[in-house]
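We're numbering straight along the sequence, starting at 1. Just so you know, ligand 1 is whichever comes first in the structure, and atom 1 is the first atom listed for that ligand.
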Amino acid sequence: MKKIVIAIDGHSSCGKSTMAKQLAREVGYIYVDSGAMYRAVTLYAQRHHLFLPDDSVDAEGLHREMPNIRVNFRLDPATNLPLTYLGEECVEEAIRSIEVSRQVSPVAALPFVREAMTQLQQQMGETKGIVMDGRDIGTAVFPDAELKIFVTASAEVRARRRYDELQAKGMPASYDDILRNVQERDYIDTHRALNPLRQADDALVLDNSHLTREEQSQWLLERFHEAVQ
Ligand code: DC
């Protein structure tokens, strides 16, 4: 069976990574969470005081630091899933905080950050057999991907899911704050100048507001088998 690249794009918190991980496991592909890479850069910027008091990014300072920001993935031997690292440190949990979620969009809008992450992502896809999720995977990173999925769900459904996720991990969260964050990120992600979130012309749309996990995974597997034929 030929190996393909699967690009999964869509709004934040619509379950892209859960579905991408599951699909990768089912078909034996590598899973890459491209959002985690932008989150890791944001965490680095926070730790190095590269946010100004008005919450904007010190772009010049971050640009200077880029050679020192070594985002990489290592397989978790227990789950066989990639964990996000900043240099030698596993930051998988730290990058999921509401603080990182709040400040990641302006970082992801910086051209030099996108360029560096896109290059890393393209290297990871060179040998195919990869499922990557994000915002611009089917449009900018892998415009020739054999299978492109564009996922969406209502902002309320997405905020509820993220709230439940944080609660389950015992992390403090407010539903209203999360909803506001989801809406703000939708706006920034779809309006930024460089590679905004948009549906690729050849992407298949999946609105999962009212789908069960099983229905969704069945649908994805069918699309996968059509694409590899
Ligand atoms: O999917 P996520 O919520 O972890 O993504 C974090 C942020 O990174 C979000 O604001 C959008 C941005 N992002 C991006 O600009 N391009 C990608 N390919 C993936 C994420």
Could you list each nitrogen or oxygen of ligand 1 that sits under 3.5 Å from a protein nitrogen or oxygen, with the atom names and the distance?
from: ligand 1; atom 1: 1 (O); to: R135; atom 2: NH1; distance (Å): 3.0
from: ligand 1; atom 1: 1 (O); to: R135; atom 2: NH2; distance (Å): 3.3
from: ligand 1; atom 1: 3 (O); to: R39; atom 2: NH2; distance (Å): 3.2
from: ligand 1; atom 1: 3 (O); to: R135; atom 2: NH2; distance (Å): 3.3
from: ligand 1; atom 1: 3 (O); to: R185; atom 2: NH1; distance (Å): 2.9
from: ligand 1; atom 1: 4 (O); to: R39; atom 2: NE; distance (Å): 2.6
from: ligand 1; atom 1: 4 (O); to: R39; atom 2: NH2; distance (Å): 3.4
from: ligand 1; atom 1: 5 (O); to: R135; atom 2: NH2; distance (Å): 3.4
from: ligand 1; atom 1: 10 (O); to: S105; atom 2: OG; distance (Å): 3.0
from: ligand 1; atom 1: 10 (O); to: D189; atom 2: OD1; distance (Å): 3.4
from: ligand 1; atom 1: 15 (O); to: R114; atom 2: NH1; distance (Å): 2.8
from: ligand 1; atom 1: 15 (O); to: R114; atom 2: NH2; distance (Å): 3.4
from: ligand 1; atom 1: 15 (O); to: R192; atom 2: NH1; distance (Å): 2.9
from: ligand 1; atom 1: 15 (O); to: R192; atom 2: NH2; distance (Å): 3.1
from: ligand 1; atom 1: 16 (N); to: R114; atom 2: NH2; distance (Å): 3.0
from: ligand 1; atom 1: 18 (N); to: S34; atom 2: OG; distance (Å): 3.0
from: ligand 1; atom 1: 18 (N); to: R135; atom 2: N; distance (Å): 3.1
from: ligand 1; atom 1: 18 (N); to: D136; atom 2: OD1; distance (Å): 2.9

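Evaluation of the ring-ring contact (aromatic ring centres under 6.0 Å, His included) test over residues 93-118, restricted to residues two or more places apart or in two chains, returns H63-F112.
In summary, the side chains of E99 and Q46 do not present any donor paired with an acceptor at a separation below 3.5 Å, with no hydrogens or angles considered. A donor and an acceptor atom, one from each side chain of E26 and Q22, are located under 3.5 Å apart.
Using a 4.0 Å cut-off between charged nitrogen and carboxylate oxygen, R102 and D55 count as a salt-bridge pair. Salt bridge status for D177 with R180: present, with a side-chain N to carboxylate O gap under 4.0 Å.
Of the possible donor and acceptor atoms, one in the side chain of K148 sits under 3.5 Å from a partner among the backbone N and O of P143.
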